[in-house]
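Some notes on the structure that comes next.
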Number of protein chains: 2
Amino acid sequence: MKNIPFATIERVAKYLRCLKRLDEKKVKVISSKELAEHTKTTPEQVRKDFSYFGRFGKTGTGYDVKKLARKLESILKTQKKWNVAIIGAGALGSALARYPGFKESGYDIKVLFDNDPEKIGKKISGVEVVDIKKFGDTVKKKNIQIAIAAVPKESVNELEEAIAKSSIRGVINFVPVTLNFKTRRKIFIIDVDLAQKLYIMTYLIKRGKGMK
Amino acid sequence: MKNIPFATIERVAKYLRCLKRLDEKKVKVISSKELAEHTKTTPEQVRKDFSYFGRFGKTGTGYDVKKLARKLESILKTQKKWNVAIIGAGALGSALARYPGFKESGYDIKVLFDNDPEKIGKKISGVEVVDIKKFGDTVKKKNIQIAIAAVPKESVNELEEAIAKSSIRGVINFVPVTLNFKTRRKIFIIDVDLAQKLYIMTYLIKRGKGMK
DNA sequence: CTTTGTGAAAATGTTCACAGCC
DNA sequence: GGCTGTGAACATTTTCACAAAG
């Protein structure tokens with residue numbers, strides 16, 4: 001298997017989202033052209049992306065929606081159930097705990113962590129808030145592989161320490177700070193910087209209207 | 001001016017975030033090497049990125065933190081104040097209204113929109129919730145250029161219609177659906193698909209541990 | 001006649017290597 | 001010595017163009 005572009009993986013996730021919606025709408029078959037229209041890319045790109053993983057299409061017809069979705073799920077390892085923890089039970093962490101898209105995609109929010117005694121022990125959208133001091137133990141007991149970081153940036157040290165000492169494999173990071181874990185094992189980090197999106201947007205807007 | 005890679009713009013936003021923090025910590029000067037360490041890239045990449053826009057450094061010394069930050073702000077057009085609306089006053093929309101990082105970066109959340117009569121008229125973190133039916137008028141009156149979409153995917157049609165008819169220039173889209181505006185003018189879209197981040201994470205984790 | 005799958009070409013983005021400056 | 005700025009080399013990613021299949 002050749003080396004797969006990271007951008008391809010990002011698009012595969014997008015295709016999968018789209019296919020699931022089409023399946024709900026009872027669409028049986030889709031061509032690369034249609035799928036490209038739905039996901040704002042080109043038919044060639046769609047076909048090239050799939051070609052990294054095998055041949056799923058029928059010439060002259062297109063792709064079977066259900067079969068293709070299953071195939072993409074296996075590429076993204078979604079078939080396994082994943083357990084997720086959210087660190088930070090503030091506004092953002094609580095909103096993420098309520099976000100319906102995670103469960104729909106096969107990810108289970110098992111627990112929230114916080115350091116505020118007011119919040120510890122309460123439940124948010126059915127998810128218990130646990131003391132961040134119990135992070136390592138809870139993660140092990142509940143078999144959690146992924147953490148979502150949603151603490152204020154002032155609490156980032158406590159968060160880094162808790163994650164470094166735990167068995168967490170990956171972090172989706174909403175804190176606008178570059179995380180640094182003092183550990184030798186590999187922890188994957190995906191940054192989601194909300195303010196950065198706005199920076200990029202204003203750049204696009206200003207450049208878009210003939211600023212050259 | 002040459003054609004600037006989009007990836008460079010994304011990194012510039014990251015550099016800026018980092019520089020602002022350094023400035024708060026009273027750091028005066030920084031080298032490309034140090035900045036690269038803070039932002040998880042390479043010194044050559046940092047210098048190359050800046051070279052698209054001019055020469056900001058001092059040979060043998062590095063970059064003046066304050067001056068460089070101002071320069072990057074002007075690249076990203078942050079010096080202008082931008083007004084932002086959030087559509088959807090649910091958990092996610094409310095959390096975004098409270099998110100401190102937007103104001104810190106020069107973006108003002110002026111108003112929230114919703115279609116729920118229960119919510120309309122209330123205030124969330126000092127921001128008023130307005131009827132989505134008044135979208136066009138309110139956007140014009142408050143001089144809003146950017147919308148953040150945070151509605152449940154069932155309400156996406158109402159959202160698309162409101163935005164299409166308004167003077168909004170760009171949308172940060174948290175709804176896990178590909179937006180389609182029925183209008184001829186260009187509306188920039190930046191998708192933030194939260195579930196997609198988890199898909200990518202599980203792919204990285206599984207591939208990471210010797211899946212080849 | 002339609003649509004897939006894929007090498008080859010083109011375009012885009014990153015790293016190297018070093019000249020020039022402090 | 002230490003660091004920036006940048007063409008050139010290299011690597012990656014996308015687009016093209018067309019053979020093969022239903």
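When reading the values below, keep in mind they use all heavy atoms of this one structure, side chains included, and skip hydrogens, waters and symmetry mates. This one's a predicted model, so the numbers in the text were calculated from it and none came from an experiment.
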Please determine if a side-chain N or O atom of [X] lies less than 4.0 Å away from the OP1 or OP2 oxygen of [N].
X       : N      : result
B/Tyr52 : C/dT12 : no
A/Gln45 : D/dT13 : no
A/Thr61 : D/dG22 : no
A/Thr42 : D/dT15 : yes

Write down the distance between [atom1] ([X]) and [atom2] ([N]), rounded to a whole number of angstrom.
X       : N      : atom1 : atom2 : value
B/Glu10 : C/dT12 : CD    : C1'   : 14 Å
B/Asp49 : C/dT15 : CG    : C1'   : 12 Å
B/Ile30 : D/dT4  : CD1   : C1'   : 14 Å
B/Ile4  : C/dT14 : CD1   : P     : 13 Å
B/Glu44 : D/dA8  : CD    : C1'   : 15 Å
B/Ile9  : C/dG13 : CD1   : C1'   : 14 Å
A/Asp64 : C/dT4  : CG    : P     : 13 Å
A/Asn3  : D/dC10 : CG    : P     : 19 Å

Quiz item: Can a donor-acceptor pair under 3.5 Å be found between the side-chain atoms of B/Lys48 and the base atoms of D/dG7?
Solution: yes
Exercise. Determine whether any donor atom in the side chain of B/Lys58 lies under 3.5 Å from an acceptor atom in the base of D/dG2, or the reverse, and answer yes or no.
Key: no
Quiz item: Considering only D/dT14, D/dA20, D/dT4, which nucleotide approaches the side chain of A/Arg11 most closely?
Solution: D/dT14
Quiz item: Of all the nucleotides listed (D/dG5, C/dT4, C/dT6), which has the minimum atom distance to the side chain of A/Arg55?
Solution: C/dT6
Quiz item: How is A/Arg47 classified with respect to the nucleic acid when contacts are heavy atoms under 4.0 Å: base, sugar-phosphate, or nothing?
Solution: base
Quiz item: Contact class for A/Phe50 vs. all strands (heavy atom < 4.0 Å): base, sugar-phosphate, or nothing?
Solution: nothing
Exercise. Answer yes or no: is there a donor N or O on one side and an acceptor on the other, between the side chain of A/Trp82 and the main chain of B/Leu198, under 3.5 Å?
Key: no
Quiz item: Does B/Asn83 reach the main-chain N or O of B/Asn143 with its side chain, forming a donor-acceptor pair under 3.5 Å?
Solution: yes
Exercise. Quick one: do B/Ile146 and B/Arg169 satisfy side-chain contact (heavy atoms from CB on, under 4.5 Å)? Show the steps, please.
Key: CA-CA 6 Å; B/Ile146 300 170; B/Arg169 306 288 324 275; 5.8 Å; no
Quiz item: B/Val65 versus B/Lys28: any side-chain heavy-atom pair under 4.5 Å?
Solution: no
Quiz item: So which one's nearest nucleotide on DNA chain D is more toward 5', A/Thr59 or B/Lys33?
Solution: B/Lys33
Quiz item: Taking the inter-plane angle between the rings of B/Phe56 and B/Phe50 on a 0 to 90° scale, is it parallel (under 30°), tilted (30 to 60°) or perpendicular (over 60°)?
Solution: tilted
